[in-house]
Protein chains: 2
Amino acid sequence: MKLQEILAKLKDCGYKITPQRQEIVSLLMRENRHMTVEDIYGKIADRYPNLSLDTVYRNVGILERLNILTKSDFGDGKGRYRIKESDGHRHHLICLKCGCSEEMDFCPLDYIDHREIKDKNFSIKKHNFEIFGYCSECVQKEGQPVAERNK
Amino acid sequence: MKLQEILAKLKDCGYKITPQRQEIVSLLMRENRHMTVEDIYGKIADRYPNLSLDTVYRNVGILERLNILTKSDFGDGKGRYRIKESDGHRHHLICLKCGCSEEMDFCPLDYIDHREIKDKNFSIKKHNFEIFGYCSECVQKEGQPVAERNK
DNA sequence: TGTTAAATAAGAATGATTCCTTTTTAGGAG
DNA sequence: CTCCTAAAAAGGAATCATTCTTATTTAACA
C-alpha cells in the first residue's frame with residue numbers, strides 16, 4: 001500500500017490528515033521494520049520539536065485498528081509497530097536485537113486442520129505467528145539484545 | 001510433568017522449595033490455563049494473607065526461565081502464564097474472554113521451510129504461535145471480552 | 001472565511017511490573 | 001538438633017509504558 005492510499009483510507013474513515021499523522025505513516029513506510037512508540041517519537045521529534053508522545057500512541061492505535069499497522073510483542077513490555085504488508089498476509093522473522101524483520105510468506109493457518117477447530121466450536125478472532133532470533137547482522141555482533149530477558 | 005518433578009527441578013537449579021512457591025506451582029497445575037499474576041495472587045491470598053504480589057512475579061519469572069511456564073500476551077498489557085506441556089511442544093487456542101486454552105498438537109515450525117531461514121542466516125531463538133478467539137462456552141455468552149481492544 | 005468536530009500538546013494519572021530494604025526462612029553443615 | 005547463611009519473602013516505593021484530561025489548535029467542509 002502506498003502512502004497516498006493509506007492517507008486516503010484515513011480520510012475515508014473520517015480521520016483528518018495532519019502533518020504529524022503523515023510523518024508517522026511515512027516514517028513507518030520508510031523504515032519498514034518494527035518500531036516502538038519511543039523509536040517513532042525519537043525520529044520525528046527533530047522536525048516536530050513539540051510532538052507529544054500521546055500523539056504517537058493515539059495514531060499507532062488508530063492505524064492498527066484500520067489494519068494499516070500490526071503490533072508485536074517482543075516480550076519486553078513495549079509494543080512494536082510496523083506497516084502491514086499489502087499483498088496479503090505475511091509473518092516475520094524478527095530480530096530481538098535491532099528489531100529488523102524479514103518477511104515470510106507463510107501462515108500457519110494454511111496448514112492447520114480447521115475441521116478440528118470447528119469441531120471444538122472455537123471462533124477464531126486473530127492469531128500470532130512470529131519467529132524471534134538474531135538477524136544475520138546481529139548474530140555476529142556481541143552485546144546484550146534489547147529485548148532479551150533470559151539470564 | 002508432575003508437581004514433584006517440578007519441585008525437583010527447582011531444587012536442582014538451586015532454588016528453595018518454599019510454601020508460596022509450591023502453592024503457585026500447584027495452583028497453575030490445577031487450573032491448567034492462562035492466568036495473570038493477579039489471578040494467581042487472588043487465588044492464593046486466601047491461604048496466605050500476607051502474600052506479596054512481588055513474590056508471584058518473582059516466581060513466575062523463575063518458572064518461565066526454567067521452562068516450566070510459558071508466558072502469553074493477550075494484547076491487554078498483562079502477562080499470562082500457564083504450565084507448559086511436558087510431552088513436547090504444543091500451541092494453544094486461547095479464549096479472549098475466559099482465558100481457557102485448548103491444546104493444539106501443531107507447531108508451525110514443522111511446516112516451515114527451514115532452508116530458507118538458514119539461507120537468510122537468521123538464528124532462531126523462540127517463536128510464538130497462538131490463536132485467539134472465543135471458546136465454545138464464551139462464544140454464546142454476551143458481554144465484552146476482557147482483552148478486547150478493537151472498538 | 002467561519003465553524004466545528006477532531007487532533008494536538010502537555011502533563012497528570014493509571015496500572016503492570018520491578019526494585020529496594022528489612023525481615024524471615026529453607027536447607028546444608030556441624 | 002541447632003546454627004549459619006544465602007535465598008526468599010513482605011511491604012512499600014519506584015519505574016516505565018500507556019492512557020486520560022484539559023485547554024488549545026487546526027483540518028476540512030460549508
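In what follows, chains carry the letters A, B, and so on, assigned in the order in which the sequence lines appear, proteins first and then strands, with residues in each chain numbered from 1. We use all heavy atoms of the structure for the numbers below, so side chains are in, but hydrogens, waters and symmetry mates are not.
- The aromatic rings of A:H127 and A:H89 lie parallel to each other, with less than 30° between the two planes, well short of the 60° mark.
- In this view, A:E116 and A:D113, A:K120 satisfy the side-chain contact (heavy atoms from CB on, under 4.5 Å) rule, not counting sequence neighbours.
- Taking five base pairs at each end of the helix from C:dT1-D:dA30 to C:dG30-D:dC1, the local helix axes there meet at an angle of 30°, rounded to 10°.
- Residues from residues 4-20 of chain A lying near DNA chain C, meaning a heavy-atom separation below 4.0 Å, are A:Y15, A:K16, A:T18, A:Q20 in numerical order.
- If you take CD1 of B:I44 and P of D:dA9, they are 11 Å apart, rounded to a whole angstrom.
- With respect to B:E31, the side-chain contact (heavy atoms from CB on, under 4.5 Å) criterion is satisfied by exactly one of B:H34, B:M29, B:M35: B:M35.
- Look at CG on B:D73: it is 18 Å from P on C:dG15, rounded to the nearest Å.
- B:K126 forms a cation-pi arrangement with A:F132, by the criterion of a distance under 6.0 Å to the ring centre and an angle within 45° of the ring axis.
- Only one option out of B:E23, B:R21, B:E64, B:Q20 pairs with B:N59 in a side chain to side chain donor-acceptor pair (under 3.5 Å); it is B:R21.
- Closest heavy-atom contact between B:L10 and B:I17: CB-CD1, 4.0 Å.
- Distance B:I62 CD1 to D:dA7 C1': 9 Å, rounded to the nearest Å.
- Non-hydrogen atoms lying under 4.0 Å from DNA chain C are contributed by nothing in residues 32-40 of chain A.
- In this structure, A:E23 places its CD atom 15 Å from C1' of C:dT8, rounding to the nearest Å.
- Taking a 4.0 Å limit (strictly below) on heavy-atom distances, residues 48-59 of chain B reaches DNA chain C at B:D54, B:Y57.
- Between the side chain of A:H92 and the backbone N or O of A:S101, no donor-acceptor pair lies under 3.5 Å.
- At whole-Å resolution of the value, OH in B:Y41 and C1' in C:dT17 are 15 Å apart.
- Note on ring orientation: taking the six-membered ring where Trp is involved, the planes of A:Y111 and B:Y111 are tilted (angle from 30° to 60°).
- At least one side-chain heavy atom of B:E38 sits under 4.5 Å from a side-chain heavy atom of B:L53.
- Rounded to a whole Å, the CD atom of A:Q22 is 15 Å from the P atom of D:dT26.
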* To do: Go through the steps to decide whether B:I117 and A:I131 satisfy the test side chain to side chain contact (heavy atoms under 4.5 Å, CB included), and finish with yes or no.
  => CA-CA 10 Å; B:I117 293 175; A:I131 297 180; 4.1 Å; yes

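- The minimum heavy-atom distance between A:P108 and B:F129, with the atom names listed, is CG-CE1, 3.3 Å.
- Side-chain N/O atoms of A:R21 include one lying less than 4.0 angstrom from OP1 or OP2 on C:dT8.
- Rounding to the nearest 0.5 Å places OH of A:Y81 at 7.5 Å from OH of A:Y57.
- Computed from coordinates, the B:I24 CD1 to D:dA10 C1' distance equals 13 Å when rounded to whole Å.
- Counting only distance, with no hydrogens or angles, the side chain of B:H114 and the backbone of B:L109 share a donor-acceptor pair below 3.5 Å.
- Distance B:K71 NZ to C:dT18 C1': 12 Å, rounded to the nearest Å.
- Here A:K9 pairs with nothing under the side-chain hydrogen bond (donor to acceptor under 3.5 Å, both in side chains) rule; sequence neighbours left out.
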